[in-house]
Amino acid sequence: DVLGSRGLGDVYKRQGEDMYDIIIIGAGTAGISAYKEAIKYTSNIMIINKGPWDTTCVRVGCMPSKVLISTANRMYDIQNTNEVALEVKAEIDTRQVMQHVRDLRDRFARATLKDVESWEAAHKIDGEAKFVNANTVEVDGKHYQSKSFILAVGSTPTYNQDWKNKLGNKLITSDEVFELETLPKSIAVIGSGVIAIELAQAMHRLGVNTTVFARSKKVGVLSSPNLQEIAQAELSKELNIKFEVLPDSIQNLENGVEISFIENNESKSIQVDYILNATGRATNLSTLSLENIDQAFSDLKQLPVHHTTKQLADFPIFIIGDAFTQTPLQHEAANEGRNVVSSCLDFPNIQHLNNLSPLGIVFCSPEMGIAGQNFASLSKSDTAFVTGFASYEKQGRALVLGKNKGAVEVYVDQQNRKLLGAELFIESAEHMTHLLSWIIAEQLTIDEILAKPFYHPTLEEGLRTALKHARRQLK
């Protein structure tokens, strides 16, 4: 009896072993959020973590990458002042860039660690947890039982193991790139998704000879074919992106790596200092021996995790954060951590998560943004919608800033006239994507949105152009 397994608690206690209310495994964004919520209601909790007691975001993700990107964009602006009619001669020394990245990264990490260090020491265990059964985990030979579990073990970058064996530290991932002492002279980036495009453009702007190998003809997260075409063309003006080309072989040289590939039916090769593999991340759930709960759980890709509750099958076990998700985002992980605690404490009464309005941002330049439902999901649905479009090539404020690139699309329901979603590839998309996500959460109609004030001259006026284009298509 799955739910009845909780009744074993008294037996375990008679054997002299404690039964916790909640055991959290993993101390990243999701796990930390879960602990801070759970401690409000019970002190009978434990959090187990292997490795640093901070977050992927602060250590190897969001924060160090944005420091690198910010420095790169500042350098780009200095070198491209002609966009605003200035002629500048500048000598730029990039030798301190990577140290600057680490200095700020460590500052952010210290804030997180200070918080964790304030927790009750008895609540924290260093080590790798493995399930013995649905109520029990083992850490360093000792067993711990709990009425419920929150699994927040996160993920790790994927890479070709054969390449790693050949290249050693010349093959790096996003977890290692920020440890480079100085910027390399050249780098090959494998992948064209969020991390790949952000880091590739930053490296290029910092003077690193950068080559991008992309399996498909796609960049970032944009699902609109129209915006994808615009983004590919715009980014290709700056970056050397080899679409639908992957390395055929690699060779470890004394002073770098030789990459051989076929492009336009021709055999070619380049030599680089490093290969940065940015083709995705794999869950760390494989470390937990979930098959000891149920043999069917040995197939991690087919785990029966409920989409809106994060519950694993019928067990009092909840998987949160990027350990099992289609949206590996910091704010989503934190939200899940807070929300699943009530399901743990009130089990078997399960609460559905307070789902957030979809929001995604890519910090390339121009920035990409997704608010609400994207073009692809709407196209696959039964919802009839219209698309409003606005180019920013001639948008007033964008011209003033010298950032007149890209475009936006907004998606409006034909029946109820509500804004359903938007995709952006423009300057300052990070701000406007937030505004659009909030608007969508409030379920405003296009008429209500257009009745709001739009200051002149601003980038937001381009959104108004797109919204008006959509409204003209409505009956």
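Only heavy atoms go into these numbers, but all of them, side chains included; no hydrogens, no water, no symmetry mates.
Between M203 and L68, the shortest heavy-atom distance links the atoms CE-CD2, 4.4 Å. When all heavy atoms of V408 and Y392 are compared, the pair lying nearest together is CG1-CE1, 3.8 Å. Pairing each heavy atom of K452 with each of L444, the nearest pair is CE-CD1, 4.3 Å. When all heavy atoms of L246 and A214 are compared, the closest pair comes out as CD2-C, 4.3 Å. For A278 against I195, the heavy-atom pair with the smallest separation is CB-CG2, 4.2 Å. Across A371 and L436, no two heavy atoms sit closer than the pair CB-CB, 3.8 Å.
Remark: the backbone N or O of V67 is not paired with any side-chain donor or acceptor of S70 at under 3.5 angstrom. Side-chain atoms of T445 come within 3.5 Å of backbone atoms of E448 as a donor-acceptor pair (strictly under, hydrogens ignored). Judged by distance alone, with hydrogens and angles left aside, the side-chain atoms of D162 form no donor-acceptor pair with the main-chain N or O of N165 at under 3.5 Å. Counting only distance, with no hydrogens or angles, the side chain of N339 and the backbone of L353 share no donor-acceptor pair below 3.5 Å. When atom types are taken as modelled, the side chain of D93 and the backbone of R95 share a donor-acceptor pair closer than 3.5 angstrom. Of the possible donor and acceptor atoms, none in the side chain of D54 sits under 3.5 Å from a partner among the backbone N and O of A109. No donor-acceptor distance shorter than 3.5 angstrom exists from the side chain of E332 to the backbone of P328, with no hydrogens or angles considered. R105 places no side-chain N or O within donor-acceptor distance of the main-chain N or O of M63, the cut-off being under 3.5 Å.
When side chains are defined from C-beta on, V272 does not count as touching I187, because their heavy atoms never get closer than 4.5 Å. Residues W163 and I190 are in side-chain contact: their nearest non-hydrogen atoms beyond the backbone lie under 4.5 Å apart. You'll find the side chain of S174 reaches within 4.5 Å of the side chain of R281, heavy atoms only. Taking 4.5 Å as the limit, some side-chain heavy atom of H306 sits within range of a side-chain heavy atom of H352. Using a 4.5 Å heavy-atom cutoff, the side chains of Y411 and E423 are in contact.
For A313, the side chain to side chain contact (heavy atoms under 4.5 Å, CB included) partners are F297, P304, F315, not counting sequence neighbours. In this structure K164 satisfies the salt bridge (Lys or Arg N to Asp or Glu O under 4.0 Å) test with no other residue, sequence neighbours excluded. For Y159, there are no ring-ring contact (aromatic ring centres under 6.0 Å, His included) partners at least two apart in sequence or on another chain. Residues passing the side chain to side chain donor-acceptor pair (under 3.5 Å) test with T211, sequence neighbours excluded: none. A search for side chain to side chain contact (heavy atoms under 4.5 Å, CB included) contacts involving K405 returns Y76, E83, E234, P366, not counting sequence neighbours.
Within the structure, salt bridge (Lys or Arg N to Asp or Glu O under 4.0 Å) pairs that include any residue of residues 454-469 comprise E461-R464 (at least two apart or interchain).
Neither side chain, Q351 nor S342, offers a donor N or O lying under 3.5 Å from an acceptor on the other.
Of the listed residues (T325, T283, D322), just one forms a side-chain hydrogen bond (donor to acceptor under 3.5 Å, both in side chains) with S155, and that residue is D322.
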Test salt bridge (Lys or Arg N to Asp or Glu O under 4.0 Å) on E367 and K403; report intermediate values, then the result.
CA-CA 11 Å; E367 293 177 342; K403 303 292 184 182; over 6 Å; no

